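This one's a predicted model, so the numbers in the text were calculated from it and none came from an experiment. The chain is numbered in sequence order, starting from 1. All ligand and atom numbering here is 1-based and tracks the order in the structure.
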Amino acid sequence: MNKNTESSNEIGKLYVVATPIGNLADISYRAIETLKQVDLIAAEDTRHVKMLLQHYGITNKLVSLHQHNEEKYSHVLLDKLRSGLSIALVSDAGTPLLSDPGMPLVKLVKDSGLDVVPIPGACALITALSAAGLPVTQFSFEGFLPRTSSARKSFFKERVLLSKTWVFYESCHRILATLQDMAEIIPLDRQIVIARELTKLHETIVKTSLAEALELVEHDDNMRKGEFVVIVDGAVEDKKDSEMTIEQIKLLQVLLKEVSIKTAVAMAVELTGVRKKILYQAALTMNQEDEL
Ligand code: SAM
């Protein structure tokens, strides 16, 4: 770091620094100190991060690291670390790498044997889960969903029988279409949480059935504004016994396209070891969805 005792022939460290997801106060002392002390800040959008830096009186050198240059530019940053400079990686909001740039850089630095130091803080996914009131012992984070309706429906079909909670990010442009697609595949009484504009002025966290959530988003213009995290409860029915992995569900779907339900179930029993009753129930559900 430039303002401490590290000498220039030492290897620098990469600090992965979480920044706020809305409320500027949601940043740690350690994050601010790190952003002040590093030699360089690599930011997804330098204009965006300038607002945060100005707020905390941080005047530090910025370089741009975004999804279009990160494969190449990460090597430049690795050379800088090797020359002794320390670098902080930040994204536009929250924790870098989580549906944000940074993976190529962190992988490169880590695989090169240099230190990567996490400076934890806000993350929309964890913030939403912490206030959702749905089980969090196990959950699956799905990032952003596919953009086309047919791909989204396939995505939902693969998850309709998952017993653990699943979470995804959504934008204001697609929240309604996504819920409409979801309502064609996921049971309408399934509990979901829509967490919108977290930590901001219009923060809204609604926990309700899929049917009611869809109605709310359809009829309330405000519920189609801002940034969203959507959390879906796992399949509740006979939870312990009916659990199937995504791979097992996919396998059954493939078999059902080729052979009768009876044969598909028999083959799936052989291939997966899952109980026949569970596979048969799952196959019937999938067939019903296809008829919709
Ligand atoms: N790296 C970030 C994190 O740690 O959460 C997420 C970056 S991702 C490009 C941006 C998406 O995260 C948004 O489209 C939205 O789905 C979600 N998100 C970010 N901030 C949010 C907020 N304040 N409220 C709700 N969702 C948010």
task: Check the pair Tyr169 / Phe141 against ring-ring contact (aromatic ring centres under 6.0 Å, His included), numbers first and verdict last.
output: CA-CA 9 Å; Tyr169 285 163; Phe141 174 54; 5.0 Å; yes
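Under the side-chain contact (heavy atoms from CB on, under 4.5 Å) criterion, Glu70 pairs with Leu65, Gln67, Ser74, Pro101, Pro104, not counting sequence neighbours. Remark: Lys61 pairs with Leu40 by the side-chain contact (heavy atoms from CB on, under 4.5 Å) rule, at least two apart or across chains.
Using modelled atom types and a 3.5 Å distance limit, the side chains of Thr199 and Asn23 yield no donor-acceptor pair.
Atom CD1 of Ile21 sits about 11.0 Å away from atom CG of Leu98, to the nearest 0.5 Å.
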Quiz: residues 206-213 side-chain donor-acceptor pairs under 3.5 angstrom, not counting sequence neighbours:
from: Lys207; atom 1: NZ; to: Gly133; atom 2: O; distance (Å): 2.8
from: Thr208; atom 1: OG1; to: Glu212; atom 2: OE1; distance (Å): 2.7
from: Ser209; atom 1: OG; to: Glu212; atom 2: N; distance (Å): 3.1

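At a 4.0 Å heavy-atom cut-off, the residues surrounding ligand 1 are Ile21, Ala93, Gly94, Thr95, Leu98, Ser99, Asp100, Cys123, Ala124, Phe144, Tyr169, Glu170, Ala195, Glu197, Leu198, Lys200, Glu227, Phe228, Val229, listed by chain and number.
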